[in-house]
Structures are given as C-alpha cells and as structure tokens.
Amino acid sequence: MAIKNLKSKRVLVTGAASGIGLEIALSFARRAAQLIIIDINAGALENAQQELRKLGGQCHTYVADVSDPIIMKELAERVQVEHGPLDVLVNNAGVAFLGSFQCTPIQQWHRTLNINVMGAVHGCQFFLPYMLEAGGARHIVNVASAAGLAPTLNMSAYSASKHAVMGMSDSLSLELMGTRISVSVVCPGIINTPITQVSPSGVGSNIRPDQVTKLGEYYRKNGAHPSVVGEAVVKAVRSGRGLYW
Ligand SMILES: NC(=O)c1ccc[n+]([C@@H]2O[C@H](COP(=O)([O-])OP(=O)(O)OC[C@H]3O[C@@H](n4cnc5c(N)ncnc54)[C@H](O)[C@@H]3O)[C@@H](O)[C@H]2O)c1
C-alpha cells in the first residue's frame, strides 16, 4: 500500500552507517520521517546519527548484527516497546565477496549468505508480526542487487545471496497480498560506496591486489551516487509498488 506522507513515519534501515543505507535514511529524514538505524559498526553508526539529526528529525540507533537471529529477535522486541510498530522496514545491510567459485572458501559462503540472506530474513521474520498486528499501510524494502538478476564473474556467493533475496521477497510479496503491507525489492547496479574497500583477506586467491584497487577506482569514477538508491526507495514506498531496476 502506498504511504504518501512520510512525516513522523517510523522507518528502520539496516546497514545504515554507510553507503546506500545511510542515503536511504537521509532520503526518509528529508521527508521528516522518524529514523531507527541499525549497523554492526558502532562508531560509523554514531556519525550517521549525527548527520541525520542535522536534518532536524528524530534518529535512534541500535548496534546489531543482522545475521544473528537471537540479537535480531531481541532488537524487534525492543524497538516495538520503545517506538511501536514500523511503518517502513528496509533490509539493506550486506557484504560482498570477490573471488571465483573455486577460490571462495566455505566460510565466505556462510558469511555472505548469513548477512545478505538471513539478515533480510531476520528483519522480515521478527518485525513483520508487529507490522501486521498494527494494521494500516506499511512497507518492506529488501535491497538485492543487479547481481541478483544477471550472471556475474567472481561473485558466485554474492550473486547467489542476492538471487535468494529476490526469491524470498517475491514469495513474501505474494503471501502478503490481501494485507496492507507491500514488499519492494531494489536491485542497484554500480553504486559508489565503500563496499569495494576490501582487505586482501576479503577476496579470493585468484584476485590480485591491483585488481581490487582498479575495481575501487572504477566504482569511484563510474558508480552512481548512493542517493539515487535512497530516492528510489522513497519512491517505491510512496507508490506502494514493487520495484525492480
Ligand atoms: N554498492 C553497490 O554497487 C551495490 C550494488 C548493488 C547492491 N548493493 C547492496 O546495497 C547494500 C548496501 O551496500 P553498500 O554498497 O552501501 O555497502 P557499504 O559497505 O557502504 O555499507 C554496508 C553497511 O552494512 C553494514 N553491515 C555489514 N554487515 C553487517 C551486519 N552483519 N549487521 C549489520 N550491519 C552490517 C556495514 O557496517 C555498512 O555500514 C548491500 O546489501 C549491497 O549488497 C550495493
């Protein structure tokens, strides 16, 4: 369902301390929404809160690891008690792993799937019951990727995780037909964020350090500003329609 007026609406964004998540939060804050921002990086989250508060609205922070079901269940309970049901839930937190399939260690598969897929699952699983119980027009946005639509080299774990987010979002969207909660899935392309700033241990053994440097330079030169995604998410929520791009 469309939520045209975002003033004072409760909007929770995961992975909001950086990049796309921060810009999504800023886009909602510019419409006077009340922000609840989540990240695993406490220092960056505090900086994000300061930036968001400059816009004049409310911004609450919670440090949490989206991949941990116990922490996420407790977070949902706490947010419900301290703020009430969410109007908008944005599952954005994510990580990338660069490396060929054969050079992607099993622990990197687990990390990527636990954060990118289970992070979004935990968000939906634990916040949705409160949103349904409260009634009214509400919206879930899951951040997938163009890598969830098209084949990509050296990104099998990331690509698999984003395909899973698409599939989960599609099924959830169908199951919620008949309620007033809509689900959008957003598929950004190349966006200039710190996601490419990975340490040598954060890539597969087939990737050379100079290739990581080049990738970062390519994103800086050619990537879209993350505010493009922030505005697209606001548009999705205001229109109440699913969004693929
Ligand atoms: N940058 C791109 O080109 C691009 C393209 C398509 C999709 N995406 C997706 O957009 C989302 C945001 O990425 P970004 O580019 O802004 O990256 P980013 O690295 O700038 O931001 C990701 C944020 O998520 C947080 N995070 C990581 N693991 C977490 C965890 N376990 N729990 C809580 N927070 C955690 C990080 O601390 C960081 O603040 C991701 O889901 C990513 O896959 C990015």
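One-based numbering along the sequence shown. Numbering of ligands and ligand atoms starts at 1, following listing order.
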Is it true that [X] lies under 4.0 Å from ligand 1, counting heavy atoms only?
| X | value |
| --- | --- |
| Gln197 | no |
| Thr14 | no |
| Ala44 | no |
| Ala96 | no |

Minimum-distance protein heavy atom relative to [atom]:
| atom | result |
| --- | --- |
| atom 36 (C) of ligand 1 | Asp39 OD1, 3.5 Å |
| atom 33 (C) of ligand 1 | Ala64 O, 3.3 Å |
| atom 16 (O) of ligand 1 | Ile20 N, 2.8 Å |
| atom 23 (C) of ligand 1 | Gly15 O, 3.6 Å |
| atom 43 (O) of ligand 1 | Tyr158 OH, 2.6 Å |
| atom 35 (C) of ligand 1 | Ile40 CG2, 3.7 Å |
| atom 5 (C) of ligand 1 | Gly189 O, 3.0 Å |
| atom 32 (N) of ligand 1 | Val66 N, 3.0 Å |

Write down the atom of [X], the atom of [Y], and the distance for their closest heavy-atom approach.
| X | Y | result |
| --- | --- | --- |
| Asn92 | Gly15 | ND2-O, 3.1 Å |
| Arg111 | Val95 | NH2-CG1, 3.6 Å |
| Asp87 | Met131 | O-CE, 4.1 Å |
| Val143 | Val165 | O-CG1, 4.2 Å |
| Pro226 | Asn192 | CD-O, 3.4 Å |

Checklist entry - Do Phe97 and Val212 belong to the same hydrophobic cluster, where Ile, Leu, Val, Met, Phe, Trp and Tyr are linked whenever their side-chain heavy atoms lie under 4.5 Å apart, directly or via other members? => result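 No.
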Checklist entry - Is it true that Leu176 and Leu86 fall in one hydrophobic cluster, defined by side-chain heavy atoms closer than 4.5 Å? => result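 Yes.
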Item to check | Test applied, side-chain contact (heavy atoms from CB on, under 4.5 Å); reference residue, Ile181; option that passes from Leu89, Leu172, Leu132 | outcome: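 It is Leu132; the other options fail the test.
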Residue [X] vicinity, atoms of ligand 1 by number, heavy atom under 4.0 Å:
| X | value |
| --- | --- |
| Ile195 | 1 (N), 13 (O), 15 (O), 17 (O), 19 (O), 42 (C) |
| Asn92 | 10 (O), 11 (C), 12 (C), 40 (C), 41 (O) |
| Gly19 | 16 (O), 20 (O) |
| Ala93 | 24 (O), 34 (N), 35 (C), 41 (O) |
| Pro194 | 20 (O) |
| Tyr219 | 3 (O) |
| Asp65 | 30 (C), 31 (N), 32 (N) |
| Pro188 | 5 (C), 6 (C), 7 (C) |

Item to check | Short N-O contact, Glu231 and Arg31, less than 4.0 angstrom | outcome: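 Counted as a salt bridge, because a side-chain N and a carboxylate O are separated by less than 4.0 Å.
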Checklist entry - Between atom CE of Met72 and atom CG of Leu75, what is the distance when rounded to the nearest 0.5 Å? => result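 The CG atom of Leu75 is 5.5 Å from CE of Met72, to the nearest 0.5 Å.
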Next on the checklist: Under a 3.5 Å cutoff, is there a donor and acceptor pairing between the side chains of Ser227 and Glu23?
Outcome noted: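 There is no such pair (donor and acceptor under 3.5 Å, judged by atom type) between the side chains of Ser227 and Glu23.
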Next on the checklist: So Met155 and Lys162, do their side chains get closer than 4.5 Å, heavy atoms only?
Outcome noted: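 A side-chain contact is absent here, since even the closest heavy-atom pair is not under 4.5 Å.
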Report yes if some N/O of [X] lies less than 3.5 Å from some N/O of ligand 1; otherwise report no.
| X | answer |
| --- | --- |
| Ile191 | yes |
| Val95 | no |
| Asn116 | no |
| Lys162 | yes |

Checklist entry - Using a heavy-atom cut-off of under 4.0 Å, does the side chain or the backbone of Cys187 touch ligand 1, or both, or neither? => result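 Contact part for Cys187 vs ligand 1: neither.
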Checklist entry - If you group Ile, Leu, Val, Met, Phe, Trp and Tyr whenever their side-chain heavy atoms sit less than 4.5 Å apart, what else falls in with Met177? => result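 The other cluster members (ILVMFWY side chains, heavy atoms under 4.5 Å, direct or chained) are Leu174.
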Checklist entry - Between the candidates Ala144, Ser67, Ser18, Gly94, which shows the shortest non-hydrogen contact distance to atom 7 (C) of ligand 1? => result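 It is Ala144 that holds the nearest heavy atom.
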Checklist entry - Any idea which of Asn192, Thr193, Asn142, Ile115 brings a heavy atom closest to atom 28 (N) of ligand 1? => result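 Among Asn192, Thr193, Asn142, Ile115, the closest heavy atom to atom 28 (N) of ligand 1 belongs to Ile115.
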Checklist entry - Once the angle between the rings of Tyr62 and His83 is folded into 0 to 90°, is it parallel (under 30°), tilted (30 to 60°) or perpendicular (over 60°)? => result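 Ring orientation of Tyr62 relative to His83: perpendicular.
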Next on the checklist: Determine whether a donor-acceptor pair (N or O, by modelled atom type, separation under 3.5 Å) exists between the side chain of Ser182 and the backbone of Met1.
Outcome noted: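 Indeed, once roles are kept as given, a pair shorter than 3.5 Å links the two residues.
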Checklist entry - Considering residues at least two apart in sequence or located in another chain, which fulfil the side chain to side chain contact (heavy atoms under 4.5 Å, CB included) criterion with Asp39? => result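 Scan of Asp39 (side chain to side chain contact (heavy atoms under 4.5 Å, CB included), adjacent residues dropped) gives Ala17, Asn41, Leu45.
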